[in-house]
Student: 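Below is one structure. I have some questions about it.
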Amino acid sequence: MAEKKRLQVGIAGCGWIARNLMLINMIDRMREISFVAAMDVNEQVATRFSKRFHIKKAYMNFESMLEDPAVDAVYVAVPHHLHRSMVTKALDAGKHVLCEKPIAISIPDGIAMAELADKKGLKLGINYMYRYDKNMYRMVNSVRSGNIGTPYYAIVQIPWFRKPSYFEKSPWHKKWETSGGGTLITQTSHAIDLMAWAMGKPATISGEIGTFRFGNIGLEVEDVGIGSVRFESGALGVILGSQATKPQKPDQIGFYGEKGSIECTYWYSFIARLHCRYVKRTSLKPPTRGLASITSSFRGFARWVLDGSPYLCTAWDALKPLYIVTALYESAKSGKKIHCTSLDWWR
Ligand SMILES: NC(=O)c1ccc[n+]([C@@H]2O[C@H](COP(=O)([O-])OP(=O)(O)OC[C@H]3O[C@@H](n4cnc5c(N)ncnc54)[C@H](O)[C@@H]3O)[C@@H](O)[C@H]2O)c1
């Protein structure tokens, strides 16, 4: 029997997340994907990565990898400020793209990327991979299908702890210019994505941010951020994101409504537990499954390109958490509540 076509992927940025993807794939062995090239500006990193994970070609130059006809799609896993330029180059070269979250560091950048992908007829997915976690998928789709009745409020709590070495290894995390923000855009935006997916359009947003634990090592961005959202439906949302909580506590995302509540608790992105109170547990499943949500998401992206099955987080979807996060920052900096207008791109 002829072997099914695999999506041939080139990796751009061989850092922490790309390494973790490849380590999980050593066990999961995604049959839909072949990793055919790896690229990093750091020559040693690119060479070591490609050897370690048996990837045939290592590049130090992004344009050279884009010229490689063996590459059908590019996985962009680089610092946030580079997402727009690298995704644009990849789309211009005719490649499909799976870009790491956040889509970009500003809404105009993100809209330009989504529009370019549509214009070129290419797929641009953003790896908000919690959407592919079985229990988080069940939770959000329970809310969307009315299982909790009218939603009253949602809570997102991401109380992480990071060591100074996290910022020393990847100093781009420290700066507004390179990261576009701190813990809200980096860790919390996964959960904010789920909140927006379940609750819909926001109407007003207020935020506060602070830099506590890591100010003394030059952290410009926030290590704690909080906020509130009123959605168009009238429901409320509360957000807490931190990378300064010692000891780290489990994450929690919950939705509370007329009939009951549904929550997920988890550590990092692993093994989310679902808690349903007065709400029936559904047997819904995300469209693709893997050993971890990252490989489920990659499988979903490959299926999208190979046979057109919908991917759960398009570029347009990924603009929603970015909008909420950037509005939290704008509110925190201006001291004003943000009224959410000009959301005609919200689909
Ligand atoms: N989905 C998730 O849960 C998850 C988890 C961690 C990180 N991320 C995201 O992945 C992305 C990368 O984060 P990370 O933690 O791997 O960062 P990292 O600092 O560990 O790695 C970034 C890599 O990009 C390389 N790089 C820098 N400039 C480059 C360029 N111009 N061309 C090619 N390579 C370049 C660096 O040399 C480095 O190896 C970010 O968008 C981050 O938010 C996602």
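For ligands, and for the atoms within them, numbers begin at 1 and follow the listed sequence. Everything numeric in this text was worked out from a predicted model, so none of it was measured.
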Student: Verify whether one side chain among Ser334 and Glu330 offers a donor that lies under 3.5 Å from an acceptor in the other.
Tutor: no

Student: Quick one: which of Ser189, Ala77, Ala18, Ala38 has a heavy atom closest to atom 22 (C) of ligand 1?
Tutor: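 That would be Ala77.
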
Student: What part of Ile294, side chain from CB on, backbone N/CA/C/O, both or neither, has a heavy atom under 4.0 Å from ligand 1?
Tutor: neither

Student: Given His80, His83, His173, Met65, which one has a non-hydrogen atom that is nearest to atom 43 (O) of ligand 1?
Tutor: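 Residue with the shortest heavy-atom distance to the ligand atom: His80.
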
Student: Can you list the residues that meet the side chain to side chain contact (heavy atoms under 4.5 Å, CB included) rule with Ile155, with sequence neighbours excluded?
Tutor: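 So Ile155 forms a side chain to side chain contact (heavy atoms under 4.5 Å, CB included) with Tyr153, Gln157, Val238, Tyr256.
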
Student: Can a salt bridge be assigned to the pair Arg277 and Glu263 using a cut-off of 4.0 Å between side-chain N and carboxylate O?
Tutor: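 Looking at Glu263 together with Arg277, the answer is yes, because their closest N to O distance falls below 4.0 Å.
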
Student: What atoms in ligand 1 come closer than 4.0 Å to a heavy atom of Pro79?
Tutor: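 Heavy-atom distances to Pro79 below 4.0 Å select 24 (O), 27 (C).
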
Student: Could you tell me which atoms of ligand 1, counted from 1 in the order shown, lie closer than 4.0 angstrom to a heavy atom of Asn127?
Tutor: 1 (N)

Student: If we count only N and O atoms by modelled type, under 3.5 Å, do the side chains of Glu100 and Asn127 hold a donor and an acceptor together?
Tutor: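 A pair is found: one side chain offers a donor N or O, the other an acceptor, under 3.5 Å apart.
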
Student: When you look for heavy atoms under 4.0 Å from ligand 1, do you find them on the side chain of Lys101, its backbone, both, or neither?
Tutor: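 Near ligand 1, Lys101 shows its backbone as well as its side chain.
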
Student: Give a yes or no on whether the ring-centroid distance for Tyr128 and Trp197 is below 6.0 angstrom.
Tutor: no

Student: State plainly whether the residues Asp72 and Lys5 are in salt-bridge range, i.e. N to O under 4.0 Å.
Tutor: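 Yes, charged N to carboxylate O under 4.0 Å.
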
Student: With a cutoff of 4.0 Å, is His190 in contact with ligand 1, counting heavy atoms of the residue only?
Tutor: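 Judged by the 4.0 Å heavy-atom criterion, His190 does count as contacting ligand 1.
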
Student: Quick one: does Tyr128 get within less than 4.0 Å of ligand 1, heavy atoms only?
Tutor: no

Student: Does Thr186 have a non-hydrogen atom less than 4.0 Å from ligand 1?
Tutor: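 Contact check Thr186 vs ligand 1: negative.
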
Student: Check each heavy atom of Phe62 against ligand 1 and say whether those closer than 4.0 Å belong to the side chain, the backbone, both or neither.
Tutor: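 The answer is neither.
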
Student: Tell me if the aromatic rings of Tyr266 and Tyr130 count as close, with their centers under 6.0 Å from one another.
Tutor: yes

Student: With a cut-off of 4.0 Å, which atoms of ligand 1 are near a heavy atom of Ser170?
Tutor: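 Counting from 1, the qualifying ligand atoms are 18 (P), 19 (O), 20 (O).
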
Student: Nearest heavy atom to atom 26 (N) of ligand 1: which of Val41, Ile11, Leu21 does it belong to?
Tutor: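 Minimum heavy-atom distance to atom 26 (N) of ligand 1 goes to Val41.
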
Student: Does the pair Lys101/Asp193 count as a salt bridge with the N-to-O cut at 4.0 Å?
Tutor: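 Salt bridge flag = no for Asp193 with Lys101.
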
Student: Identify, with sequence neighbours excluded, every residue that meets side chain to side chain contact (heavy atoms under 4.5 Å, CB included) alongside Pro286.
Tutor: Tyr132, Lys134, Tyr137, Arg289

Student: Below 4.0 Å from any atom of ligand 1, is there a heavy atom belonging to Ala12?
Tutor: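 False for this residue.
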
